[in-house]
Amino acid sequence: MSSIELRHVKKVYDKSKSAIIEDMNLFIPDGSFTVLVGPSGCGKSTTLRMIAGLEDISSGDLFIDDERSNDVCPGDRDIAMVFQNYAIYPTMSVRGNIEFGLINAKVKEEERNRRIKEISHIVGLDGYLDRKPSQLSGGQRQRVALARAMVKQPKVFLMDEPLSNLDAKLRVQMRTELISLHQRLGTTFVYVTHDQTEAMSMATKIVVMSEGQIQQADEPQKIYGDPVNMFTAQFIGTPTMNVFPVTKLPIITVPAGAQYLGFRPSRALLVETGVASDSSSMIFDATISIREMMGSESIYQASASFGTVTFKTFNHDPIELGQKICLSVERRSMYFFGTGEQRVSA
């Protein structure tokens, strides 16, 4: 078992009057790939550092494998951490970096060599063990950081935005490699990012955070398809969900208590003009103002009477700027939000 649980955890820095983390309750299942996601300053990295033991917990309890670990030293938690800046030793070879922790742990040379050979093969560093970090690409350096963590065979891997310094193409490649690595090892991964695409593509569980509080913790598809509040609905999904006050929209009925209506850009469909809205759909006219061509997919912004609407087309002929169109959103594709921006049942 390598589950993690935070019970009523609070974090306050001495010079701060307000809590960075306020009463956090979170369970991270054994063997999961749990991603903490949210905007900068939401407390996700602080949470990760408390799990690692690099930050003290102001109040509350941390359990690792059902054992209270608040006062356990970082080195005794059987956790490996991969940082954003790799944190590898520039004067050591790749082999030296990977081996360093094993030497400190007094692992015998034969076992060290066996583990290094195995791990370097898994992360694709077979031919690079004698090179220095300065002779490696960014992706290869990140692999060194991963290998150094993996070779210790920890219960838990903690990763703090490890791909943010890589270019877009390499980030996609490394995401795929991390998914494969997790499946191969079956170890608990806890991963921090502000990039919701990374969260959706890699996680078995996503924890959406804002201002030190958990907004929603669930499976990726549940987070996307069934958000509990407006923050989660708009944070997860690219482009972001369209949200408008219900008083401005051309719809007939709304649920009791609903103040806002939202719909995904992919759910706004082109239809013929002159069709009236009814109880099962919302139909409105708009004018194309912005167009982004992305191969088979195109993203548009269009000006409607109630505001700017973002929508997508797939394998559709380009729509010219300034062209008048008609869009339809079915009732089943609508999300309603009420007091405190919480989800209201449709």
Going through the distances and angles, do K108 and E111 end up as a salt bridge (Lys or Arg N to Asp or Glu O under 4.0 Å)? CA-CA 5 Å; K108 293 182 179 180; E111 175 64 10; over 6 Å; no
Could you walk me through whether F189 and T34 pass side-chain contact (heavy atoms from CB on, under 4.5 Å), step by step? CA-CA 6 Å; F189 279 35; T34 297; over 6 Å; no
List the steps, then state whether side-chain contact (heavy atoms from CB on, under 4.5 Å) holds for R95 with F100. CA-CA 8 Å; R95 179 187 296 275; F100 184 75; over 6 Å; no
Please determine whether side chain to side chain donor-acceptor pair (under 3.5 Å) holds for the pair N229 and Q216, giving the CA-CA distance in whole Å, both sets of side-chain angles, and the decisive distance to 0.1 Å. CA-CA 8 Å; N229 56 33; Q216 187 170 352; over 6 Å; no
Any chance you could lay out the side-chain contact (heavy atoms from CB on, under 4.5 Å) test for L321 and R291, step after step, and finish with the verdict? CA-CA 7 Å; L321 297 181; R291 181 181 68 193; 4.0 Å; yes
Full working for side-chain contact (heavy atoms from CB on, under 4.5 Å) between V172 and R175: CA-CA 5 Å; V172 173; R175 284 205 304 263; 3.6 Å; yes
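Distance check, rounded to the nearest 0.5 Å: CG of L261 to CZ of R331 gives 8.0 Å. Remark: R49 CZ to T47 OG1 distance equals 11.5 Å, nearest 0.5 Å. Within the model, atoms CG of L136 and CG of L125 stand 7.5 Å from one another, a figure rounded to the nearest 0.5 Å. Taken to the nearest 0.5 Å, the CE atom of M50 stands 7.5 Å off from the OG atom of S58. The CG atom of L158 sits 6.0 Å away from atom CE of M81, with the distance rounded to the nearest 0.5 Å. Taking OG of S289 as the start and CD of Q323 as the end, the distance is 12.5 Å to the nearest 0.5 Å.
More than 12 non-hydrogen atoms from other residues, nucleotides or ligands lie less than 6.0 angstrom from CZ of R264. Crowding of E211 atom CD: a count of heavy atoms from other residues, nucleotides or ligands under 6.0 Å not exceeding 12. Other residues, nucleotides and ligands place more than 12 heavy atoms under 6.0 Å from the CZ atom of F63. The number of heavy-atom neighbours closer than 6.0 Å to CD of E110, taken from other residues, nucleotides and ligands shown, is 12 or below. Atom CE of M294 is surrounded by 12 or fewer heavy atoms from other residues, nucleotides or ligands within 6.0 Å. Remark: K10 NZ is loosely packed, at most 12 non-hydrogen atoms of other residues, nucleotides or ligands lying under 6.0 Å away.
Not one N or O on the side chain of E297 forms a donor-acceptor pair closer than 3.5 Å with the backbone of N315. Side-chain atoms of S69 come within 3.5 Å of backbone atoms of E67 as a donor-acceptor pair (strictly under, hydrogens ignored). Although no hydrogens or angles enter the test, the distance criterion places no donor-acceptor pair under 3.5 Å between the side chain of S180 and the main chain of T176. In terms of modelled atom types and a separation under 3.5 Å, the side chain of K44 and the main chain of G38 share a donor-acceptor contact. Side-chain atoms of T240 come within 3.5 Å of backbone atoms of Q234 as a donor-acceptor pair (strictly under, hydrogens ignored). Distance alone, capped at 3.5 Å, places no donor-acceptor pair between the T232 side chain and the V228 backbone. A donor-acceptor pair under 3.5 Å is absent between the side-chain atoms of D285 and the main chain of C326, judged by distance alone. Panel note: side chain Q342, backbone T339; no donor-acceptor pair is recorded below 3.5 Å. With hydrogens and angles disregarded, no donor-acceptor distance shorter than 3.5 Å links the side chain of H182 to the backbone of T188. Side chain of N242 to main chain of T310: a donor-acceptor pair is present (N/O by atom type, distance under 3.5 Å, no hydrogens or angles).
Contact record, N70 with R77: O-NH2, 3.3 Å, taken as the closest heavy-atom pair. S328 and V271 make their closest contact through CB-CG1, 3.6 Å (heavy atoms, listed as atom of the first residue, atom of the second, distance). Residue F235 comes nearest to H194 through the heavy atom pair CZ-O, 3.8 Å, listed as atom of the first residue, atom of the second, then distance. When all heavy atoms are compared, the tightest approach of A258 to V246 is O-CG2, 3.6 Å. What you find for P227 and Y335 is that their closest heavy atoms are CD-CE2, 3.6 Å. Among all heavy-atom pairs drawn from P133 and Y89, the shortest one is CG-O, 3.5 Å.
A salt bridge between R143 and E177 is present, with a side-chain N of the basic residue lying under 4.0 Å from a carboxylate O of the acidic one. Under the 4.0 Å criterion applied to side-chain N and carboxylate O atoms, K155 and D65 are assigned as salt-bridge partners. Using a 4.0 Å cut-off between charged side-chain N and carboxylate O, D61 and R68 make a salt bridge. Between R115 and E118 there is no salt bridge, since none of the side-chain N atoms of the basic residue sits less than 4.0 Å from a carboxylate O of the acidic one. At a threshold of 4.0 Å, the pair R332-E330 counts as salt-bridged, since one of the basic side-chain nitrogens sits closer than that to a carboxylate oxygen.
Using a 4.5 Å heavy-atom cutoff, the side chains of L146 and L178 are in contact. Side-chain contact between E99 and I116 is present, with at least one heavy-atom pair separated by less than 4.5 Å. Between S296 and F314 the shortest side-chain heavy-atom distance does not fall below 4.5 Å. Between K205 and E219, every side-chain heavy-atom pair lies at or beyond the 4.5 Å cut-off. When side chains are defined from C-beta on, S298 does not count as touching H316, because their heavy atoms never get closer than 4.5 Å. Put simply, the side chain of M24 does not reach to within 4.5 Å of the side chain of R7, judged on heavy atoms. Side chains of I88 and R148 form a contact here, defined as non-hydrogen atoms less than 4.5 Å apart. You'll find the side chain of F33 stays beyond 4.5 Å of the side chain of I206, heavy atoms only.
Under the 4.5 Å side-chain heavy-atom criterion for Ile, Leu, Val, Met, Phe, Trp and Tyr, V254 and M241 are members of distinct hydrophobic clusters. Cluster annotation: I319 is connected to F284 through the hydrophobic network of ILVMFWY side chains, with a link wherever side-chain heavy atoms come within less than 4.5 Å. In this structure, I288 is not a member of the same hydrophobic cluster as I290, with clusters built from ILVMFWY side-chain heavy atoms closer than 4.5 Å. Neither I223 nor V243 shares a network with the other; the hydrophobic side chains, linked directly or stepwise wherever heavy atoms of I, L, V, M, F, W or Y lie under 4.5 Å apart, form separate groups for each. Side-chain heavy atoms closer than 4.5 Å link hydrophobic residues (I, L, V, M, F, W, Y) into clusters, and following such links, even through other members, never connects L6 to V72.
Using modelled atom types, one finds no donor on one side chain facing an acceptor on the other under 3.5 Å when comparing D130 with S93. If you check the side chains of E198 and Y191, you find a donor sitting under 3.5 Å from an acceptor.
The side-chain contact (heavy atoms from CB on, under 4.5 Å) test with S2 is passed by exactly one of V156, I28, I79, I64: V156.
Between F263 and F244, the ring planes lie tilted relative to each other; the angle falls in the 30° to 60° range.
Under the 6.0 Å distance and 45° angle rule, K222 does not count as a cation-pi partner of Y224.
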